[in-house]
There are 2 protein chains.
Amino acid sequence: MKPTIYDVAQAAGVSIATVSKVINGTGRISDKTRKHVTNIMEQLKYQPSMVASALTGKSTFTVGLTLPDLANPFFAEIARAVEDRGHEYGFNVFICSTDNDPDREIKYFSLLTQKRVDGVIVATRTEKDLFLKKLIQQHVPITLITGEMPALAVDTVMVDDFLGGYQAGSHLTGLGHRRIAILAEDVNTMSNRERIRGCKQAMAEAGVASDERLIAAGEFTVDSGKEAMRRLLELGEPPTAVFACNDLLAIGAIQAARERGLQLPRQLSVVGFDNTILATIIDPPLTTVAQPIQEIGRQAMDLLMQEIKGEKSMRQRVVLMPELVVRGSTAALT
Amino acid sequence: MKPTIYDVAQAAGVSIATVSKVINGTGRISDKTRKHVTNIMEQLKYQPSMVASALTGKSTFTVGLTLPDLANPFFAEIARAVEDRGHEYGFNVFICSTDNDPDREIKYFSLLTQKRVDGVIVATRTEKDLFLKKLIQQHVPITLITGEMPALAVDTVMVDDFLGGYQAGSHLTGLGHRRIAILAEDVNTMSNRERIRGCKQAMAEAGVASDERLIAAGEFTVDSGKEAMRRLLELGEPPTAVFACNDLLAIGAIQAARERGLQLPRQLSVVGFDNTILATIIDPPLTTVAQPIQEIGRQAMDLLMQEIKGEKSMRQRVVLMPELVVRGSTAALT
DNA sequence: TTGAAAGCGCTAACAT
DNA sequence: ATGTTAGCGCTTTCAA
């Protein structure tokens, strides 16, 4: 059996209280006994049980991270960033891919709360924010990322989607494009709506009319982007440029264009969003609006930690700036 | 405060023992009280504390997953597969990216054991298997994936790397290639060694000499592959085909070839390994040796569960078959 | 069929 | 400076 605090107390000839104190560095212990106990602990390879200590009211040093799909490179990168910052705090993270399935969300919700996680970072968003509301109701510290600005008082870190869309739009209009299509994951998510709005704003400022027929929606997949682009290319007057609301869609668009025999970027310019590893892998390399993924993970964790430690009474919203990264998938209209 | 079993007992007018029994479906309880108690629990939104129950000797329903880097698409896909199977068992998974850094490994080891995880799936491998040995020593159930065949009695699920290499090699020689380069992540990992050996075997059988100067090693990154390929292309008699031990390296090779102005696959054939999402995104689409990622995750979890439940005395090694997926990055030598 | 009570490994007053 | 002890929320004999 694993040694307990009793075993080390006995072996050291002290009380368990003393051992507890040297473990936690609390109370006043003579240097001598401290060292002695420390030695014994090492000898016995003693590992304090966090489950026992959690039961006494201390935290579990565990947080949950819910996201749609860990296999999606964007979320994988987010998860890594969150994990890293968590690790610095000595926290572990439970990863929870929900596939946007309410049933999975509920199941994970129940597992997380039963395990008494100290908080959860939510990168999912489903109908009516049911998951979120349940968490709030249970007073679980939360921070929201990758998302909307919900009608709920919750810590949030987000990027300025409008600005990102605007950057994409200006880039394209600046290149002379006037028939600009937009590919969204789902026009109903606030982030996508804002990106679209930003893009349209840039177009309007450049005197470019936006054509609703050039706005297509789908899912967060390459195939969805490809399909949508195919349809757009069949239009009588096809677009000369596309702004896709994420890299996966942008890649689908590129593939569809290739399929049609178009030369990129000469005959079609494509701008993505996210700046995942995929943007550097596709040919031509994707011009895309970069999200500061590291920073998102870091800030999300930081906010959550403050919440957990009760260092903060006010909820806050951190808005990070996106940045257009110009690569080879965009060119001046010829 | 969150309601405890006492609150439920009191509200239901029964003892905590009774409540415990209806929670766990143990003992004999009359249908009437069972329903009554169940109602009360719902009313109070009672969630049994797994930390308390874990303290009484039950398991934590938690496992750890160690991998080099969650942001690497291959490992992200592995993680997702593991998570999914774990979820079916009602388990959560702690993700632990180590960057192959022994310090991080140790820190995670200590966190995982202190939290009394029920087991860990290890997809990392570092010097001297220190991490692994520590786990074994602590009697933590383990299963190894993505890896070697260690000189340790541990459950393992692996793919037949030799066969995978052989498939890649045969494909290339079958296409008429005779100058075949090999890009490895690290010639010292057993899996890479086996892949190389398999490829060489296929070459030998086709009467193709293998040239040690055409074998390059690097890291598990695109850049590393690009760099290695650049050097190979500067050789007096450059290769006409490359077998890369993973998709990232293969992509680097493709990019280096492009950089040189080579037409793919006409002037250079490339075969990867893993069949990650990247293989379908790169242009030309990558011919690659597919690892059955879902199956790996599933089997790993299954083995671990058996181990945890003590249903099995023997350690086993499950060997899965890889499968060559032919796409556009390979062509007959002209 | 139900309940009383002892523990699981630890923390935190409170004594000494 | 160190020890005693009462919990933390649950499971599990063992009685009733």
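Numbers restart at 1 for each chain; the letters A, B, ... are given by sequence-line order, proteins then strands.
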(message) With salt bridge (Lys or Arg N to Asp or Glu O under 4.0 Å) as the rule and sequence neighbours excluded, what pairs involving residues 53-77 of chain A come up?
(response) A/D69-B/R80
(message) Is it true that A/E105 and A/T98 share a donor-acceptor pair across their side chains at a distance under 3.5 Å?
(response) no
(request) Could you tell me from which nucleotide to which nucleotide of DNA chain C, 5' to 3', there is an atom under 4.0 Å from chain B heavy atoms? (result) C/dT1 to C/dG9
(message) Can you work out whether A/M1 or B/V14 has the more 5'-proximal nearest nucleotide on DNA chain C?
(response) B/V14
(request) Please list residues of residues 16-28 of chain B whose heavy atoms come under 4.0 Å from any atom in DNA chain D, ordered by number; otherwise none. (result) B/I16, B/A17, B/S20, B/N24
(request) Take atom CD of A/Q10 as the centre, draw a 6.0 Å sphere, and report whether it contains more than 12 heavy atoms from other residues, nucleotides or ligands. (result) no
(request) Please report the closest heavy-atom contact between B/A11 and B/L44, naming both atoms and the distance. (result) CB-CD2, 4.3 Å
(request) Kindly write out the residues that satisfy salt bridge (charged side-chain N to carboxylate O under 4.0 Å, His left out) with A/E83, not counting sequence neighbours, or none if the list is empty. (result) B/R104
(message) Between P on D/dC8 and OH on B/Y6, what's the gap in Å once rounded to a whole number?
(response) 8 Å
(message) Checking B/Q138 against A/K45: is there a side-chain donor and acceptor pair closer than 3.5 Å?
(response) no
(request) State whether B/K107 and B/D103 are salt-bridged, where the test is any N-O pair (Lys NZ or Arg NE/NH1/NH2 against Asp/Glu carboxylate O) under 4.0 Å. (result) no
(message) Can a donor-acceptor pair be found, under 3.5 Å and without considering hydrogens, that links the side chain of A/D118 to the backbone of A/F61?
(response) yes
(request) Report the distance from atom CG of B/L65 to atom CG of B/L304, rounding to the nearest 0.5 Å. (result) 10.5 Å
(request) Look only at the side chain of A/N72 and the backbone of A/F74, and say whether a donor-acceptor pair between them is shorter than 3.5 Å. (result) yes
(message) On the six-membered ring of B/F94, is B/K115 placed so that its NZ or CZ lies under 6.0 angstrom from the centre and within 45° of the ring axis?
(response) yes
(message) Strictly distance-based, threshold 3.5 Å: is any side-chain N or O of B/S110 a donor or acceptor partner for the main-chain N or O of B/Y108?
(response) no
(message) Angle between the two end axes of the helix from C/dT1-D/dA16 to C/dT16-D/dA1, five base pairs per end, rounded to 10 degrees?
(response) 40°
(request) Could you tell me whether the side chains of A/D155 and A/Q316 share a donor-acceptor contact shorter than 3.5 Å? (result) no
(request) Strictly below 4.0 Å, heavy-atom distances to any atom of DNA chain D: list the hits from residues 34-63 of chain A, or just say none. (result) A/L55, A/T56
